[in-house]
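Notes follow once the structure below has been shown.
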Amino acid sequence: MNICVIRDQKFIKLASKNYILDKSVVDKKLRRMALEIIEKNPDEKQLILAGIRESGSIVARCIQEILKEISKVKTELIIITLDKRRPKEVKLSKSIDFNDKVIIVIDDVANSGKTLLYALKPFLDFHPKKIQTLVLVERSHKNFPVSPDYVGLSLSTTLQEHIYVEVEKDKIFGAYLANA
């Protein structure tokens, strides 16, 4: 469905969004992934959730809240900041000892695998027990050898399509597919 609006005496055609996930489905996917995290890490007392800034950190906060509801495992949330187009420098919101820790790197969408790969960089100076990855939506266009451990939705798309995750504050409202 297309919507037309009048602005400055001109018609502007706005394409409706092609949603692949609405809020209720997003909530179910997040809960399922949180349960999988508990299942794959049954004896862990603490998990470090490392969300990639912006939307990935919101996904990480949502996962953290669900883990608090369903488990006694302690979680620590850190934010990873990097330029997704040219990820030369990677910064963490806080520096802690990652030795013998389980780290889960979290993003909203996995496209080529490049962002997830570079997001691992700061943890390579340590000897973590495990590093796992989680994405809300995984696309099938991998250029780098990264395959997420936890996936909300796996989707085949064309190279011209882009997936947008709608977030506001600490909430995820959905994900939609659009032509780039």
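Residue Lys171 qualifies as open at atom NZ: its count of foreign heavy atoms under 6.0 Å is 12 or below.
Tyr150 carries Lys40 over the face of its six-membered ring, with the cationic atom under 6.0 Å from the centre and within 45° of the normal.
Between Tyr164 and Tyr176, the two ring planes are parallel [angle under 30°; tilted spans 30° to 60°].
Taking all atoms of both residues into account, the shortest heavy-atom contact from Lys114 to Arg85 is NZ-O, 3.2 Å.
A 4.5 Å side-chain heavy-atom check between Ile70 and Arg31 finds at least one atom pair inside the cut-off. Put simply, the side chain of Ile79 reaches to within 4.5 Å of the side chain of Arg61, judged on heavy atoms. Inter-residue side-chain proximity for Ile172 and Asp108 is flagged as unmet; no heavy-atom pair is nearer than 4.5 Å. Proximity of Leu67 to Gln64: side-chain heavy atoms (C-beta onward) are nowhere separated by under 4.5 Å.
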Go through the steps to decide whether Phe123 and Leu92 satisfy the test side chain to side chain contact (heavy atoms under 4.5 Å, CB included), and finish with yes or no.
CA-CA 10 Å; Phe123 307 113; Leu92 300 178; 4.1 Å; yes
Take Gln132 and Val102, measure what side chain to side chain contact (heavy atoms under 4.5 Å, CB included) needs, and give me the verdict at the end.
CA-CA 8 Å; Gln132 300 171 331; Val102 175; 4.2 Å; yes
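Ion pairing of Glu44 with Lys130 is absent here, as no side-chain N (NZ or NE/NH1/NH2) approaches a carboxylate O to less than 4.0 Å.
In terms of hydrophobic clustering, with Ile, Leu, Val, Met, Phe, Trp and Tyr side chains grouped at heavy-atom distances under 4.5 Å, Ile96 and Ile103 are assigned to a common cluster.
Between Thr81 and Arg53, the side chains place no donor N or O within less than 3.5 Å of an acceptor N or O (distance only, hydrogens not considered).
Applying the salt bridge (Lys or Arg N to Asp or Glu O under 4.0 Å) rule to Asp149 yields no partners; only residues at least two apart in sequence or on another chain are considered.
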